[in-house]
Participant: 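One structure coming up, written as structure tokens, with questions to follow.
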Number of protein chains: 2
Amino acid sequence: MVQSTRITSVEVAKVAGVSQATVARSFAAPHKVSDKSRQKVLEAAQSLGYVPNAIARSLKSQTTNIIGAVVPARSEYWQHLVAEISQQLAERGSQLLLFTFAKPSEVSSVVEAVRQYRVDGVLLASAFIDHEAMVDVTSLGVPAVAFNHPEAVDISASVSVDNEAGSAELAAHLVETGHRSVAFVGGNPETGSDRLRYRGAAKELRSHGIVCPYIGAGSFDYDAGYGIAEALLQHFGGVEGLPDALMVAGDELAFGVVDGLRALGTSVPDDVSITGFDGLPQATWAGYDLTTLVQPAEELIREALGVLAGTSDERSHLTVKGFVRVGRSSRRPAVQGES
Amino acid sequence: MVQSTRITSVEVAKVAGVSQATVARSFAAPHKVSDKSRQKVLEAAQSLGYVPNAIARSLKSQTTNIIGAVVPARSEYWQHLVAEISQQLAERGSQLLLFTFAKPSEVSSVVEAVRQYRVDGVLLASAFIDHEAMVDVTSLGVPAVAFNHPEAVDISASVSVDNEAGSAELAAHLVETGHRSVAFVGGNPETGSDRLRYRGAAKELRSHGIVCPYIGAGSFDYDAGYGIAEALLQHFGGVEGLPDALMVAGDELAFGVVDGLRALGTSVPDDVSITGFDGLPQATWAGYDLTTLVQPAEELIREALGVLAGTSDERSHLTVKGFVRVGRSSRRPAVQGES
DNA sequence: GCATCATATGACTACGTAATCATCTGGGCA
DNA sequence: TGCCCAGATGATTACGTAGTCATATGATGC
């Protein structure tokens with residue numbers, strides 16, 4: 001049943017006995033066509049196997065109905081968000097052109113592709129995208145939203161979770177549940193997320209008289225967390241020296257820290273409480289059951305897409321509040337009488 | 001620095017003092033242009049901020065350089081594959097138009113979009129895509145590859161891991177390491193993957209005199225696995241009644257089974273060995289350290305893209321061997337003298 | 001019955017590029 | 001010097017659609 005010749009709106013028009021314009025209108029603006037004509041057109045289209053050509057439409061209408069997303073290839077967090085982005089775009093009838101990069105050096109070629117395809121808007125996982133690349137993207141007039149990168153104030157819109165407040169909330173929760181010493185395990189220190197999450201935690205803890213040291217794992221991935229576990233034990237002089245809690249800068253990183261510590265005989269949460277940040281689906285998996293700050297992915301992306309669609313302010317810099325999810329990776333408050 | 005007027009190859013030609021055709025050639029086929037002309041063109045393009053329009057190119061050349069992928073929205077396995085697909089396409093200079101669906105009912109509208117955008121090829125996560133949808137996709141003459149769905153013999157090409165052989169290998173490994181009773185925990189029983197994996201396991205085990213019952217979790221996701229744990233214990237009459245090993249039809253499902261059993265006080269692997277299937281990155285996470293059959297994702301996708309690119313046979317039905325990864329979720333062979 | 005007007009329709013064109021074809025240029029060789 | 005050919009270039013056209021404008025159709029009011 002493969003079409004031998006390309007079926008265009010012209011062929012359909014011929015068969016239906018109307019003009020090409022009427023065929024086009026029957027698909028793009030059905031209300032502008034009489035019921036009778038539309039009926040004839042749809043029948044002809046059906047019998048010929050006609051499918052409107054979105055490429056030609058895009059060229060003529062100067063709008064592709066495609067949103068681009070530029071994200072790191074290997075990241076549980078971004079995979080999570082991409083799933084949400086894709087679903088919301090489908091609801092809006094838009095398409096998703098997905099660009100991934102394994103190394104920052106790949107970003108420039110990716111950006112070039114984004115520009116060539118004339119997408120209607122771009123979502124940028126910008127913690128890893130440098131200033132120059134963002135300027136390049138926006139220079140063609142493409143609306144762009146920097147995701148979790150509020151520093152991009154002068155370049156494009158941005159949508160972020162409130163990293164600092166969220167981290168402070170987590171810290172407050174730890175204090176409330178009886179933790180008196182806390183250390184922060186950072187991810188990639190060059191990202192704003194990392195800095196803000198540490199700052200939020202440190203400020204809140206200081207207000208309770210707790211000094212919170214920063215220990216860097218270098219990146220946000222599982223292996224970095226797993227690898228830092230031994231260094232943590234050394235740094236604190238063994239299990240007994242560990243603080244009451246470790247606040248980890250991201251969930252995936254936290255999974256690694258949890259597993260790394262457990263592999264070294266440390267119990268989580270009995271020897272040390274662990275918190276994460278992101279609210280990944282895996283955080284609810286019983287093996288981790290991570291106390292974490294849940295980013296409201298659905299809301300974040302709705303706002304981001306709103307900016308791209310022009311329904312929100314194009315220069316807005318939005319911050320969305322997350323909420324604390326309490327799991328068993330952090331201790332419950334000690335009950336009076338227990339030790 | 002936003003362009004007020006759209007810059008086209010015509011403007012560049014004017015500034016460079018050449019024809020539009022030469023500008024087009026300078027980008028699409030540089031070797032067909034003299035160094036001098038190309039130089040002038042590139043300078044002019046640079047100064048004007050010209051970016052070739054891929055939409056117009058696609059319309060004229062009847063090839064979009066875009067590959068579509070239709071996958072379920074929430075699946076660790078597919079997220080894993082999408083990352084790989086995206087990376088390989090980037091290497092080939094192609095783009096990825098990603099379509100996800102949460103429910104099978106969404107597939108038809110997704111397929112319509114695939115057809116409209118005239119993608120050069122489609123990858124289908126076909127275990128969840130019905131026959132009609134696949135016919136629709138291919139009816140426009142778009143090359144399609146069904147992924148892990150060898151039943152689609154008469155419709156399109158397919159690329160699959162050897163489910164049956166892989167499952168048999170896992171079973172053989174269990175027998176070798178001293179397991180004498182094994183049950184199979186299935187996912188979605190309507191998928192070929194599920195059936196073939198059970199068949200491979202059952203056959204191999206039978207050849208060793210072991211009868212392998214099938215217990216269905218209903219789907220391949222974590223929650224299904226977590227939920228089936230209690231039913232498993234009931235079915236076998238408690239921890240003591242459990243078989244030596246549970247072969248689980250997919251990794252994500254296996255994570256759930258592991259966590260569910262552990263939550264009920266069952267030790268993995270001391271009380272029961274668990275194996276998975278897929279070889280997800282999380283299978284190597286120390287919390288699970290799953291014995292599983294690793295699908296060679298890189299190879300699978302290279303083959304699939306090869307079919308789409310026409311470098312492989314378009315009607316080929318390829319099967320790729322996986323390999324067993326041994327983790328601590330299954331017991332090591334009992335040493336002589338130990339119990 | 002005629003004028004008026006809203007709606008439906010058709011002819012035409014442009015979106016920006018790449019392929020085709022014809023023309024031109026310059027170097028090699030007799 | 002003159003001829004020939006390969007490579008470079010330009011003019012032209014088509015890809016399939018949607019918007020613009022003008023015309024046709026039918027319903028309404030007097």
Side-chain angles (χ1 to χ4, degrees), chain A residues 3 5-42 44-45 48-66 113 115-120 140-142, chain B residues 3 5-42 44-45 48-66 113 115-120 140-142:
Chain A
Q3 300 296 345
T5 170
R6 315 306 292 168
I7 304 298
T8 74
S9 57
V10 176
E11 335 278 337
V12 176
K14 211 163 292 173
V15 171
V18 299
S19 71
Q20 178 270 331
T22 298
V23 175
R25 277 188 281 256
S26 295
F27 286 93
H31 62 279
K32 289 189 166 184
V33 174
S34 69
D35 290 349
K36 202 178 53 173
S37 294
R38 184 153 19 89
Q39 182 78 10
K40 284 190 294 181
V41 167
L42 293 182
L48 291 173
Y50 169 71
V51 177
N53 186 322
I55 300 298
R57 181 200 310 147
S58 297
L59 179 59
K60 176 60 184 169
S61 65
Q62 300 286 45
T63 165
T64 53
N65 204 21
I66 296 176
R115 286 151 55 95
Q116 293 201 4
Y117 277 87
R118 301 297 196 267
V119 295
D120 290 347
L140 269 188
V142 178
Chain B
Q3 300 295 345
T5 170
R6 315 305 293 168
I7 304 297
T8 73
S9 56
V10 176
E11 335 277 336
V12 175
K14 210 164 291 175
V15 171
V18 298
S19 71
Q20 179 271 332
T22 297
V23 174
R25 278 190 281 255
S26 295
F27 287 92
H31 61 280
K32 289 189 166 184
V33 174
S34 70
D35 290 350
K36 202 177 56 175
S37 294
R38 183 153 19 88
Q39 182 79 10
K40 282 190 298 184
V41 167
L42 293 181
L48 291 172
Y50 168 71
V51 177
N53 186 324
I55 299 299
R57 181 200 308 146
S58 297
L59 179 60
K60 175 63 185 166
S61 64
Q62 301 286 44
T63 166
T64 53
N65 204 22
I66 297 177
R115 285 150 56 92
Q116 292 201 5
Y117 276 89
R118 300 297 196 268
V119 295
D120 290 347
L140 268 187
V142 178

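No experiment lies behind these values; they were computed from the predicted model shown. The figures that follow rest on heavy atoms only: side chains count, while hydrogens, waters and symmetry mates do not. Chain letters run A, B, ... following the sequence lines, proteins first, then strands; residues in each count from 1.
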Participant: Look at the side-chain N and O atoms of Gln62(B) and state whether any lies under 4.0 Å from the OP1 or OP2 oxygen of dA18(C).
Facilitator: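 Indeed not, no polar side-chain atom of Gln62(B) lies that close.
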Participant: Mind calculating the distance between NZ (Lys60(B)) and C1' (dT13(D)) to the nearest angstrom?
Facilitator: 7 Å
Participant: For Ile55(A) and dC15(C), give me the distance from atom CD1 to atom P, rounded to whole Å.
Facilitator: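 Those two atoms, CD1 and P, are 18 Å apart.
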Participant: Is the phosphate of dA18(D) approached by Ser9(A) (side-chain N or O, under 4.0 Å from OP1 or OP2)?
Facilitator: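 Ser9(A) to dA18(D) OP1/OP2: no side-chain N or O under 4.0 Å.
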Participant: Any side-chain N or O of Ser19(B) under 4.0 Å from OP1/OP2 of dG10(D)?
Facilitator: yes
Participant: Without decimals, in angstroms, what is the distance between Lys40(A) NZ and dT9(C) C1'?
Facilitator: 11 Å
Participant: Considering only heavy atoms, which members of residues 21-30 of chain A lie under 4.0 Å from some atom of DNA chain C?
Facilitator: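 Those residues are Ala21(A), Thr22(A), Arg25(A).
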Participant: Could you verify whether a donor N or O on one side chain and an acceptor N or O on the other, from Arg57(A) and Gln116(B), lie under 3.5 Å apart?
Facilitator: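 Yes, a side-chain donor-acceptor pair sits under 3.5 Å.
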Participant: State whether the distance check finds a donor on one side and an acceptor on the other, under 3.5 Å, for side chain Lys32(A) versus base dA8(C).
Facilitator: no
Participant: Between dT7(C) atom C1' and Lys36(A) atom NZ, what is the distance in whole Å?
Facilitator: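 Taking NZ of Lys36(A) and C1' of dT7(C), I get 14 Å after rounding.
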Participant: Compare all side-chain heavy atoms of Ile55(A) with those of Ile55(B) and state whether any distance is below 4.5 angstrom.
Facilitator: yes
Participant: In whole angstroms, how far is the C1' atom of dA18(D) from the CG atom of Leu59(B)?
Facilitator: 13 Å
Participant: To the nearest angstrom, how far is Ile7(B) atom CD1 from dT17(C) atom C1'?
Facilitator: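 That distance rounds to 16 Å.
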Participant: Drop me the distance from Ser9(B)'s OG to Lys14(B)'s NZ, to the nearest 0.5 angstrom.
Facilitator: 10.5 Å
Participant: Tell me: CG of Asn53(B) to C1' of dC15(C), nearest whole Å?
Facilitator: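 Rounding to the nearest Å, CG of Asn53(B) and C1' of dC15(C) are 9 Å apart.
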Participant: Quick one: does Val41(A)'s side chain get under 4.5 Å of Val33(A)'s, heavy atoms only?
Facilitator: no
Participant: Using only modelled atom types and a 3.5 angstrom limit, is any donor from either the side chain of Gln20(A) or the base of dA18(D) paired with an acceptor on the other?
Facilitator: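 Such a pair exists between side chain and base.
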Participant: For a quick test of reading the model: is some side-chain N or O of Ser61(A) closer than 4.0 Å to OP1 or OP2 of dT17(D)?
Facilitator: no
Participant: Any non-hydrogen side-chain atom of Arg118(A) less than 4.5 Å from a side-chain atom of Leu59(A)?
Facilitator: no
Participant: Figure out the CD/P separation between Gln116(A) and dG16(C), and round it to whole Å.
Facilitator: 15 Å
Participant: Grab the two heavy atoms, one from Thr8(A) and one from Tyr50(A), that are nearest each other, plus how far apart they are.
Facilitator: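 Closest approach of Thr8(A) to Tyr50(A): C-CE1, 3.5 Å.
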Participant: Would you indicate, yes or no, if dG16(C) has its OP1 or OP2 atom less than 4.0 angstrom from a side-chain nitrogen or oxygen of Tyr117(A)?
Facilitator: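 Tyr117(A) to dG16(C) OP1/OP2: no side-chain N or O under 4.0 Å.
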Participant: Check each of Arg38(B), Lys40(B), Lys36(B), Arg25(B) against Val18(B) using the side-chain contact (heavy atoms from CB on, under 4.5 Å) test, and report the only one that passes.
Facilitator: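 Passing option: Lys40(B).
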